[in-house]
Amino acid sequence: MDDLDAVLIGAGHNSLACALTLAAKGWRVGVYERAPVPGGAVKSGAYTLPGFRHDWAAMNLSLFAGSQFHKHFAQELAGHGLSFVPVNRPFASAFPDATWLGIEMDQAANRSRIAALSEADAKVWDSLSETFPTRAEDVFALLGAKMKMHALASFLWGLWRRRGMNGALELARFLLASPRAWLTETFTSDKLRAMLGAWGMHLDYAPDSAGGALFPYLEGMAGQAFGMALGQGGADTVTRALIKAIEARGGHVECGVEVTGIEHQGGVARAITLADGRRIAAKKAVIANLAPRALVRLTGGTGNAGFDQRMTDYAHAPGTMMIHLAMDSLPDWAAGEALKGFAYVHLAPSLDQMARTYQQAKAGLLPDEPVIVVGQPTVFDPSRAPEGKHVLWMQVRMVPGTIEGDAAGRITARDWAEAAEPMAERALDILERYAPGARAKILGRRIVTPAELEADNPNLVGGDQVCGSHHLAQHFLFRPAPGHADGSTPIRNLHLTGAAVWPGAGTGAGPGYQLAQRLT
């Protein structure tokens, strides 16, 4: 490939979205990925038995389906095979007393379940549902804003004009609150608090982490209003369609090639070098979809010691272990058959349990009762398994990337190669408690440890699936570093993208799309 305008490192969905947006501007783009298959965390495969398709890491594509990027390219991507499966019952939580609570796209049904626990909470739910469109306007405006001072000032001015000083301060207080603070002042039911609070654990927001209240709120309200979107046949429908669209516009995506360096001279990025000896020049931009510390390694240093130190010190969230199961049938949930109708079932019975799990993982301990997210995608997309069979997608959250001990005092292994089986058994024991007989339904399984997640995709440092903590000191204007939330670096024409850049993790492609819009 000669005379490329932009070269992109990594074929995750953010770099692919960036490449397609640039190609639509007429840029000649090339994407280079070290893994043998593209997609990063958004890929699918037959990881257990033939005929069973599993999502490697990301399963929920709601953020992508609702993104500004998708709205811009929806028709084009659909023409290249992108297809979603709508989910009207997105999530539920099961509890040890054989009860459950869930959210579906039926406000009356949701209210009825909540009212069975607390009529006062049901009235609050009514109020939250009524005000969600107004609150969502403000929240989505913020999450879609460019994190530059003038853009943030424009958002704040618009917020003040729409809501007044009291409304603006109320939103600011909400954005700073921890999940526990907001949930306990809003609801009386411990089960309702736990059901919503489990969403914070998806984004490194334990119950007591400041700034995490937004996500339990958004997932509850958005789940009711919009449901969830899965990829038809697997999450990799996104990756495959993006690559076809890029190639149709003259772009190039190559896998199985490792980038060994980013060449820069006179403070300007010029090219990348590959392990096979090739040099790929870029006239306008080198775009790196990398965990921040890798940027320092590939550049040999940007020349700005303060920036390089921030990249090196960039904080990652605890890890995740995946368990992929090929099932003879769905689990028989002790809480009732209704749970077989939800895409996600959280096994996270209380805020206290979630907080304990998080602290254990942060301390390097294998949690004694990790949070389990059980995905049941074949309820809505039976094409992922042979007729009558199912797949389960299990996330074990949180676990340490580096093992220092076992909170339960039973697992002696200190490396993931040896700890994988006993930790998976612990997770399956939890599943068995909530769904007796589930083990007997397993036809095949594949354990993916934090170490394997990182080996497959170095951006998932220690198995951190969100590529960096979203705590307030590393979010908004500070992601990944003050002054660089737009992906800029001290080297001209070198840009960082991916989940480490504002607006952060998830499948929404915001970092890649915003960067491509900025480049000319």
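In what follows, every heavy atom counts, from backbone to side chain, and hydrogens, waters and symmetry copies are set aside.
Looking only at distances, a side-chain donor or acceptor of Ser15 sits under 3.5 Å from a matching main-chain atom of Gly12. The closest donor-acceptor contact from the side chain of Asn459 to the backbone of Asn289 lies under 3.5 Å. Looking only at distances, no side-chain donor or acceptor of Glu104 sits under 3.5 Å from a matching main-chain atom of Asp106. With hydrogens and angles disregarded, no donor-acceptor distance shorter than 3.5 Å links the side chain of Thr449 to the backbone of Ala420. Checking side-chain atoms of Thr357 against main-chain N and O of Gln353 turns up a donor-acceptor pair under 3.5 Å. Using modelled atom types, no side-chain atom of Ser112 and backbone atom of Ala109 make a donor-acceptor pair closer than 3.5 Å. The backbone N or O of Gly212 sits nowhere less than 3.5 Å from a side-chain atom of Ser209 that would complete a donor-acceptor pair. Ser62 places a side-chain N or O within 3.5 Å of a backbone atom of Ala229 that can act as its donor or acceptor partner. In terms of modelled atom types and a separation under 3.5 Å, the side chain of Gln376 and the main chain of Leu339 share a donor-acceptor contact. For Asp429 (side chain) and Glu432 (main-chain N/O), no donor-acceptor pair under 3.5 Å exists by modelled atom type.
More than 12 heavy atoms of other residues, nucleotides or ligands sit less than 6.0 Å from atom CD of Glu185. Within 6.0 Å of CZ on Arg433 lie more than 12 heavy atoms contributed by other residues, nucleotides or ligands.
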Below 3.5 Å, can you tabulate the donor-acceptor pairs from side chains in residues 321-329 to any protein atom, sequence neighbours excluded?
| unit_1 | atom_1 | unit_2 | atom_2 | d |
| --- | --- | --- | --- | --- |
| His324 | NE2 | Trp56 | O | 3.4 |
| Asp328 | OD1 | Lys389 | NZ | 2.4 |
| Ser329 | OG | Lys441 | NZ | 2.7 |

Could you list the donor-acceptor pairs under 3.5 angstrom formed by side chains in residues 115-123, with sequence neighbours left out?
| unit_1 | atom_1 | unit_2 | atom_2 | d |
| --- | --- | --- | --- | --- |
| Ser118 | OG | Ala120 | N | 3.3 |
| Ser118 | OG | Asp121 | N | 3.0 |
| Ser118 | OG | Thr188 | OG1 | 3.2 |
| Glu119 | OE2 | Arg111 | NH2 | 2.8 |
| Asp121 | OD1 | Thr188 | N | 2.8 |
| Asp121 | OD1 | Thr188 | OG1 | 3.2 |
| Asp121 | OD2 | Thr188 | N | 3.1 |
| Asp121 | OD2 | Thr188 | OG1 | 3.1 |
| Asp121 | OD2 | Ser189 | N | 2.9 |

Could you list the donor-acceptor pairs under 3.5 angstrom formed by side chains in residues 190-197, with sequence neighbours left out?
| unit_1 | atom_1 | unit_2 | atom_2 | d |
| --- | --- | --- | --- | --- |
| Asp190 | OD1 | Arg193 | NH1 | 3.1 |
| Lys191 | NZ | Asp97 | OD1 | 3.4 |
| Lys191 | NZ | Asp97 | OD2 | 2.7 |
| Lys191 | NZ | Thr99 | OG1 | 2.8 |
| Arg193 | NE | Phe187 | O | 2.9 |
| Arg193 | NH2 | Thr184 | O | 3.4 |
| Arg193 | NH2 | Phe187 | O | 2.6 |

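Of all heavy-atom pairs between Pro450 and Gly401, the closest is CB-CA, 4.4 Å. Scanning both residues, Gly512 and Asn14, for their nearest heavy atoms gives N-OD1, 3.0 Å. Taking every heavy atom of both residues into account, Val371 and Ala348 meet most closely at CG1-CB, 3.9 Å. Residues Glu418 and Ala413 approach most closely at CB-CB, 3.6 Å, considering heavy atoms. Across Val31 and Gly10, no two heavy atoms sit closer than the pair CG1-O, 3.4 Å. Leu16 approaches Ala11 most closely through the heavy-atom pair CD1-O, 3.5 Å.
Taking a cutoff of 4.0 Å between a charged side-chain nitrogen and a carboxylate oxygen, Asp55 and Arg384 qualify as a salt bridge. A salt bridge is defined here as a Lys NZ or Arg NE, NH1 or NH2 lying under 4.0 Å from an Asp or Glu carboxylate O, and Asp308 with Arg293 fails to meet this definition. Salt bridge present: Arg240 and Asp236 bring a charged side-chain N and a carboxylate O closer than 4.0 Å.
Gln107 and Trp125 are not linked by any side-chain donor-acceptor pair at a separation below 3.5 angstrom, with hydrogens and angles left out of the test. Under 3.5 Å, the side chains of Tyr358 and Asp208 contain no donor-acceptor pair of N or O atoms.
Under the 6.0 Å cut-off for aromatic ring centres, Trp199 and Tyr344 qualify, their centroids lying closer than that. Residues Phe342 and Trp100 bring their aromatic ring centres within 6.0 Å.
The ring-ring contact (aromatic ring centres under 6.0 Å, His included) contacts involving residues 437-470 comprise His470-His475, where partners must be two or more places apart or lie in separate chains. Sorted by first then second residue, the salt bridge (charged side-chain N to carboxylate O under 4.0 Å, His left out) pairs that include residues 443-453, not counting sequence neighbours, are Glu421-Arg445, Glu425-Arg445, Arg446-Glu452. Counting only residues at least two apart or in different chains, salt bridge (charged side-chain N to carboxylate O under 4.0 Å, His left out) contacts with residues 340-365 comprise Arg180-Asp352, Asp332-Lys340, Glu337-Lys340, Arg356-Asp368, Arg356-Glu369. Applying the salt bridge (charged side-chain N to carboxylate O under 4.0 Å, His left out) test to every pair with at least one member in residues 35-49, sequence neighbours left out, gives these pairs: Lys43-Asp456.
Taking 4.5 Å as the limit, every side-chain heavy atom of Val448 sits out of range of all side-chain heavy atoms of Tyr47. A heavy-atom distance below 4.5 Å is not found between the side chains of Arg410 and Pro422. Two residues are said to be in side-chain contact when any heavy atoms from C-beta on lie closer than 4.5 Å; Val345 and Tyr434 fail this criterion. Residues Arg53 and Val391 have side chains not in contact (no heavy-atom distance under 4.5 Å, counting atoms from C-beta outward). When side chains are defined from C-beta on, Arg89 counts as touching Phe380, because their heavy atoms get closer than 4.5 Å.
In this structure Arg135 satisfies the side-chain contact (heavy atoms from CB on, under 4.5 Å) test together with Val139, Glu170, Leu171, Phe174, Tyr217, sequence neighbours excluded. The side-chain contact (heavy atoms from CB on, under 4.5 Å) test applied to Ala17 returns Phe69, Ala509, not counting sequence neighbours. Remark: Tyr205 engages Phe215, His471 in a ring-ring contact (aromatic ring centres under 6.0 Å, His included) (not counting sequence neighbours). Remark: Gln359 pairs with no residue by the side-chain contact (heavy atoms from CB on, under 4.5 Å) rule, at least two apart or across chains. Listed by chain and residue number, Pro292, His316, Gln474, Arg479, Pro480, Ala500 satisfy the side-chain contact (heavy atoms from CB on, under 4.5 Å) test with Tyr314 (two or more places apart in sequence, or in another chain).
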**Request:** Would you please test Leu175 and Leu214 for side chain to side chain contact (heavy atoms under 4.5 Å, CB included) and show each step?
**Result:** CA-CA 6 Å; Leu175 292 172; Leu214 175 63; 4.1 Å; yes
**Message:** side chain to side chain contact (heavy atoms under 4.5 Å, CB included), that's the test. Do Ile9 and Ile287 meet it? Break it down for me.
**Reply:** CA-CA 6 Å; Ile9 303 170; Ile287 298 167; over 6 Å; no
**Request:** Determine, step by step, whether His202 and Val373 satisfy the side chain to side chain contact (heavy atoms under 4.5 Å, CB included) criterion, reporting the C-alpha distance in whole Å, the side-chain angles of both residues, the deciding distance to 0.1 Å, and the verdict.
**Result:** CA-CA 9 Å; His202 286 253; Val373 187; 3.9 Å; yes
**Request:** Apply side chain to side chain contact (heavy atoms under 4.5 Å, CB included) to the pair Arg426 and Ile411, showing each step before the final yes or no.
**Result:** CA-CA 10 Å; Arg426 180 171 296 173; Ile411 299 174; 3.6 Å; yes
